Protein chains: 2
Amino acid sequence: MREGPDIARIASLVGDPARANMLTALMGGTALTASELALEAGVSLPTASSHLSKLMEGGLLTVASQGRHRYYGLAGPQVAGMIEAITGVAAAVGPQRVRPGPRDAAMRVARVCYDHLAGEQAVAMLDRLVARQVLIRDDKEIRLGPSAVSHFAAIGIDVESKARRPVCRACLDWSVRRSHLAGTLGAAILDKILLEKWARREKDSRAVVFSPLGKQAFERVFLA
Amino acid sequence: MREGPDIARIASLVGDPARANMLTALMGGTALTASELALEAGVSLPTASSHLSKLMEGGLLTVASQGRHRYYGLAGPQVAGMIEAITGVAAAVGPQRVRPGPRDAAMRVARVCYDHLAGEQAVAMLDRLVARQVLIRDDKEIRLGPSAVSHFAAIGIDVESKARRPVCRACLDWSVRRSHLAGTLGAAILDKILLEKWARREKDSRAVVFSPLGKQAFERVFLA
DNA sequence: AGGATGCTTCGATGATGGACGAACTATGCG
DNA sequence: CGCATAGTTCGTCCATCATCGAAGCATCCT
């Protein structure tokens, strides 16, 4: 018999299909209402509500009440990382992945991971930023290089961090198996991409699709 | 409704207390027999056997038959990483962590993670190896530096890789939140440490305790 | 105020799956 | 060959928990 962190409790929370669907939906990064999550999970509203309170109690979710809406979101990057890790194992282990399918292809290229960009594009971007020494990775820690502030300011991104959350963080990409940029900077870059309409989010999916011109712009700015 | 990698299936496998205990026990890295795992999980042999076959079917475990013994082990580093990620969330979320306790302190300093060393010591070691350019980390990928082969040969470690498994891999440390060295090299270093008796494994725990002289030797070789 | 919408709580139902004892198979030992 | 040990399979019992309809709060709109 052993004890310690109650891993079974956390895992069993993710272990229910309805809850797993909800968490996966929240990996998109946008907070969702109880009704939306019920739809997403394919259960009735009361059932969803019950699941949500369990996830809350387990500390996996945060909620923000706005009027009569309650927006549920993942409790933090650590939770998002856990979901990615589980997804990675499930994808590796599952023999059910017969045809990759177009949606999956798009997902591999670029997708939203919690609040930042993931996929091949994101991995390439981090590689390039490190190669140009805009960012410096020491260990797994990623730091800002000397030129970072001016570099990002020129693009219109403010890298000053007020939040307690780190500016840069490495996040393992389950499709490419290498890391991409997370943290407030990662989130700001994704904001920028969507704001400039270089890419749009695929409906009901985490996939992010670049327009031809948007792709050029993105590559000019981040992969040059 | 969504589909994709069946994350609920995997998570629910980990979500049962008995199975979670088994998996946690296997994080020690040594393969265990069904009876040992039954004891570890606190269930009867038939029950354990049933759990083990489920874990096998889920692809989380591998088994090696030797005579009338069947040694069960984690299916791979990816699975070990997932368990670490879940453990991290459980530790962060669990309010039950009242007193850190001596065992936990020892765990933070040095512990076994699947088949390599984790904890503060392990993180410090990787930092130092990278700083000395024995190892080079590009992205999350860690490569051997030019001097690596001779450097490790001098200590008596052969870095040639025959296995399909990578020689170097970064593994996120849930206590320190930075990565340490995994892969065949990480495993070889742990072997070396235990073989030279610089440290011993705490009974019934993943903690690794260095002797005073062993600590000196380890620091001379890896942190110089 | 009154009505509509979003969400939660309650209560009853049903199914999944975890538990163990007993019987069965397989390997090793003398 | 027979006995002991390691492990699996089978059958049954039992508890947990997911599910939904109906009713109860809370908030917004007019």
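Lettering of chains follows the sequences in order, A, B, ..., and the numbering in each one begins at 1. Keep in mind it's a predicted model, so treat the numbers as computed, not measured.
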Test Y114(B) against V79(B) for side chain to side chain contact (heavy atoms under 4.5 Å, CB included), laying out the working first. CA-CA 10 Å; Y114(B) 187 47; V79(B) 174; over 6 Å; no

Check the distance between [N]'s [atom2] and [X]'s [atom1] and give it to me in whole angstrom.
{"X": "E36(A)", "N": "dT5(C)", "atom1": "CD", "atom2": "P", "answer": "17 Å"}
{"X": "L37(B)", "N": "dT8(D)", "atom1": "CG", "atom2": "C1'", "answer": "15 Å"}
{"X": "N21(B)", "N": "dA19(C)", "atom1": "CG", "atom2": "P", "answer": "11 Å"}
{"X": "E57(A)", "N": "dT8(C)", "atom1": "CD", "atom2": "P", "answer": "14 Å"}
{"X": "L52(B)", "N": "dG17(C)", "atom1": "CG", "atom2": "P", "answer": "18 Å"}
{"X": "L55(B)", "N": "dT8(D)", "atom1": "CG", "atom2": "C1'", "answer": "15 Å"}

For [N] and [X] - does any side-chain N or O of the residue sit under 4.0 Å from the phosphate oxygens OP1/OP2?
{"X": "R70(A)", "N": "dA26(D)", "answer": "no"}
{"X": "Y72(B)", "N": "dA6(D)", "answer": "no"}
{"X": "Y71(A)", "N": "dG6(C)", "answer": "no"}

Nearest 0.5 Å please: distance from the [atom1] atom of [X] over to the [atom2] atom of [Y].
{"X": "E196(A)", "Y": "L213(A)", "atom1": "CD", "atom2": "CG", "answer": "12.5 Å"}
{"X": "L185(B)", "Y": "L135(B)", "atom1": "CG", "atom2": "CG", "answer": "6.5 Å"}
{"X": "R201(A)", "Y": "R111(A)", "atom1": "CZ", "atom2": "CZ", "answer": "12.0 Å"}

Pick base, sugar-phosphate or nothing for S53(B), based on heavy-atom distances below 4.0 Å to the nucleic acid. nothing

Can you list the residues that meet the side-chain contact (heavy atoms from CB on, under 4.5 Å) rule with [X], with sequence neighbours excluded?
{"X": "T47(A)", "value": "V43(A), S44(A), H51(A)"}
{"X": "S49(A)", "value": "none"}
{"X": "A199(B)", "value": "I193(B), V208(B), F210(B)"}
{"X": "L190(A)", "value": "V112(A), L117(A), L194(A)"}

Are there any protein N/O atoms within less than 3.5 Å of an N/O atom in nucleotides 19-22 of chain D, and if so, which ones and at what distance?
from    : atom 1 : to     : atom 2 : distance (Å)
dT19(D) : OP2    : H51(A) : NE2    : 2.5
dC20(D) : OP2    : S44(A) : N      : 3.1
dC20(D) : OP2    : S44(A) : OG     : 3.2
dC20(D) : OP2    : T47(A) : OG1    : 3.0

Which pairs, protein N/O on one side and nucleotides 28-30 of chain D N/O on the other, fall under 3.5 Å?
none

Can T87(A) and E84(A) be counted as having a side-chain donor-acceptor contact under 3.5 angstrom? no

